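Here is how names work: the chains are called A, B, and so on, in the same order as the sequence lines, proteins then strands, and each is numbered from 1. Bear in mind the structure is a predicted one, so any value in this text is a computation, not a measurement.
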Number of protein chains: 2
Amino acid sequence: MTRNQSANANRPLTLRDVSEASGVSEMTVSRVLRNRGDVSEATRTRVLEAAKTLGYVPNKIAGALASQRVNLVAVIVPSLGNLVFPEVLAGITEVLDETPLQPVFGVTNYEPDREEKVLYEMLSWRPSGVIIAGLEHNEAARAMLKNAGIPIVEIMDSDGDPVDAMVGISHRRAGRQMAQAIVEAGYRRIGFLGTKMPLDHRARKRFEGFTEAMAKEGLEIVDQEFYDGGSALVKGREMTQAILSRTPDLDFLYYSNDMIGAGGLLYCLDQGIDVPGQIGLAGFNGLRLLDGLPRKLATMDACRAEIGREAARIIAEHAGDEAGGGERIVLKPKLQLGDTLKRRTAR
Amino acid sequence: MTRNQSANANRPLTLRDVSEASGVSEMTVSRVLRNRGDVSEATRTRVLEAAKTLGYVPNKIAGALASQRVNLVAVIVPSLGNLVFPEVLAGITEVLDETPLQPVFGVTNYEPDREEKVLYEMLSWRPSGVIIAGLEHNEAARAMLKNAGIPIVEIMDSDGDPVDAMVGISHRRAGRQMAQAIVEAGYRRIGFLGTKMPLDHRARKRFEGFTEAMAKEGLEIVDQEFYDGGSALVKGREMTQAILSRTPDLDFLYYSNDMIGAGGLLYCLDQGIDVPGQIGLAGFNGLRLLDGLPRKLATMDACRAEIGREAARIIAEHAGDEAGGGERIVLKPKLQLGDTLKRRTAR
DNA sequence: ATTTTGTATGTTATCGCTAACACCCAGTTT
DNA sequence: AAACTGGGTGTTAGCGATAACATACAAAAT
């Protein structure tokens with residue numbers, strides 16, 4: 001059998017096939033398909049037609065190897081079930097859509113080893129940039145990010161040192177701010193409800209900021225409750241019941257996220273508890289879900305979409321560079337008092 | 001300057017660097033890194049050490065081109081904001097984690113043109129398989145799927161003809177089943193609330209199945225209400241208010257998804273409406289979110305995780321093949337009556 | 001008419017890796 | 001002792017595209 005490739009009918013198409021079908025060189029076909037260089041209108045149409053008829057799909061693997069350019073942006077987040085991250089991804093996509101860059105998503109489940117693995121896999125495709133959630137990574141991951149030679153943007157958090165660029169909010173500050181608002185409204189016996197995940201560093205930092213600001217006012221958290229796994233809404237109910245039956249005289253409950261906060265709110269309303277008169281409530285994230293609840297939960301917006309957009313912008317501006325320019329953007333989340341953070345009675 | 005590559009200190013590392021650092025050929029390094037072929041324990045350790053010290057990350061682009069193998073699975077879904085899809089992705093990831101395959105996610109926003117583009121981009125990386133939501137695609141996308149020469153699994157829906165393999169549920173049947181349950185419980189004046197999206201084919205099919213089964217009972221939908229955009233929970237409230245003020249004597253509301261259903265439930269409870277005595281309610285999806293609501297909304301499980309797992313299994317079993325074997329898996333969603341679909345008073 | 005331009009196209013040499021095969025040599029087997 | 005193993009390693013030739021340079025040719029400038 002000769003080297004005639006048409007022997008195998010089912011082999012994937014290459015530039016050569018289009019080239020033969022349209023009677024020009026592979027190079028010209030390549031130029032047409034990429035809109036690069038000068039090609040006469042006549043050949044351009046002929047080539048495009050041939051490509052379409054054959055159903056040719058370019059092989060980016062070969063293209064990337066030859067051009068040393070890969071228009072992918074690795075985006076690594078801990079979870080998709082959180083609702084926060086899909087919004088960040090939406091922001092990223094929105095901006096990258098205006099560019100030749102394309103995001104590729106990876107999920108770590110909050111596990112550092114998995115993050116390392118996902119990062120390694122993604123870097124081995126030589127992307128044009130990396131957007132990764134958080135500032136905490138294991139040593140290997142950190143080393144990879146440092147040596148990658150491409151723009152890196154660490155997102156969501158600003159409490160720490162980024163490898164390169166950074167876009168996020170200060171969760172410590174968010175925690176402090178919420179504590180101040182709560183104390184200012186006159187609440188004193190404050191309980192905390194959060195997740196057990198030691199690896200959710202942002203939740204941890206909010207907690208730290210919260211207790212720190214309380215301490216400044218001479219207050220301590222009276223009781224606390226942690227959970228892991230399961231539906232957050234129902235967990236919020238259960239935890240609220242647990243903490244209130246243990247410590248009935250609490251006058252405020254601070255939840256580490258809106259989902260468990262919403263569960264807590266529903267529980268309190270079910271129990272006929274006067275919110276926010278008897279007990280005040282607050283969460284974190286500014287989920288739009290909250291708008292539909294019977295009462296609007298106090299919360300703070302985590303600036304999700306904007307974080308995504310800014311991160312994507314930085315990557316786009318530095319695509320092809322060896323780094324992202326070390327830009328640091330710290331967004332300021334807005335406190336939303338809603339209906340659940342105000343003393344009806346003066347203190 | 002000679003061809004000595006070490007001239008540029010910041011050039012990305014290649015096999016050659018590791019080869020030189022460890023004193024063996026590039027081929028041997030490649031073998032070590034891929035765990036393929038026989039390599040003595042001594043060289044293996046030496047090579048691994050060199051690779052680690054240098055911080056070498058293999059170039060999969062070159063590897064894939066040379067081996068004609070790409071261990072990526074393209075996963076294309078309409079949205080990530082829906083909560084349904086992240087769960088499907090989790091199912092896929094769970095199964096692929098046991099294999100050398102890696103999922104890559106793409107999002108279409110329910111737009112056929114975008115789907116075509118995303119698919120094209122992904123196919124140009126020559127993945128080992130495609131998992132794509134829905135059976136409806138535009139002509140170009142359909143052609144690409146047919147000619148891709150790799151396993152294709154269309155998921156979520158079973159009402160239609162797949163290109164290759166298929167894993168899903170029948171949304172028509174789901175709609176019918178819900179209608180029957182509602183009628184059986186004695187409800188007669190039934191309203192429908194759904195999304196305006198003409199491109200959410202699965203929601204459309206549920207609606208069709210629903211009206212069809214109603215017709216068989218000699219019933220028609222008394223009133224209906226549609227929405228687009230915005231937070232589903234708050235929309236559910238608004239729509240419910242709208243439909244009830246227009247047609248106060250409705251005795252059942254069927255929502256096309258759980259999110260708006262939950263909003264409707266909260267509205268009814270706020271208004272002191274007797275649910276399910278005066279008005280019954282039902283949604284669709286079986287979101288775990290519902291567990292935390294004051295009352296459990298009637299719904300149907302969409303088998304999200306299982307769909308993901310099965311689709312991934314099919315891809316894994318056929319990786320390297322020219323197609324996915326045309327397997328068709330139709331899952332049966334379970335009806336969950338919850339607390340909102342039962343007449344307190346006999347009919 | 002000759003040179004100059006610039007557009008339109010082709011040719012050649014990689015890109016970094018792996019398949020396939022070639023090779024070498026110590027330890028059997030005959 | 002010659003022939004055969006088979007583990008351990010190297011060599012060669014692509015994979016399918018693109019960068020960079022080379023070439024052809026018509027129109028414009030001299």
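- Here the closest non-hydrogen pair linking A:V70 and A:A64 is CG2-CB, 3.8 Å.
- Residue A:Q68 places none of its side-chain N or O atoms closer than 4.0 Å to OP1 or OP2 of C:dT14.
- A side chain to side chain donor-acceptor pair (under 3.5 Å) with A:R313 is found for one member of A:E98, A:H318, A:E327 and no other, namely A:E327.
- Within 4.0 Å of B:N59, counting heavy atoms only, lie sugar-phosphate atoms of the nucleic acid but no base atom.
- Below the 3.5 angstrom threshold, one finds a donor paired with an acceptor across the side chain of A:R31 and the base of C:dG10.
- Atom CZ of B:R69 and atom C1' of C:dT18 are 9 Å apart (whole Å).
- Out of C:dT18, C:dG10, C:dG16, the shortest distance to the side chain of B:T14 is found at C:dG16.
- In this structure, B:A62 and A:T43 both approach DNA chain C, and ranking their closest nucleotides by distance from the 5' end singles out A:T43.
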Between protein and nucleotides 25-28 of chain C, what N or O pairs are separated by less than 3.5 Å?
none

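- At most 12 non-hydrogen atoms from other residues, nucleotides or ligands lie less than 6.0 angstrom from CD of A:E49.
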Side chain to side chain contact (heavy atoms under 4.5 Å, CB included) between A:M122 and B:V57, worked out:
CA-CA 10 Å; A:M122 296 206 139; B:V57 178; over 6 Å; no

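- Comparing A:V39 and B:R34 along DNA chain C, the residue whose closest nucleotide (by nearest heavy atom) sits nearer the 5' end is A:V39.
- B:E121 has no carboxylate O lying under 4.0 Å from a charged side-chain N of B:K117, or vice versa, which leaves the two without a salt bridge.
- Taking side-chain N and O atoms only, B:S67 has no distance below 4.0 Å to OP1 or OP2 of C:dT18.
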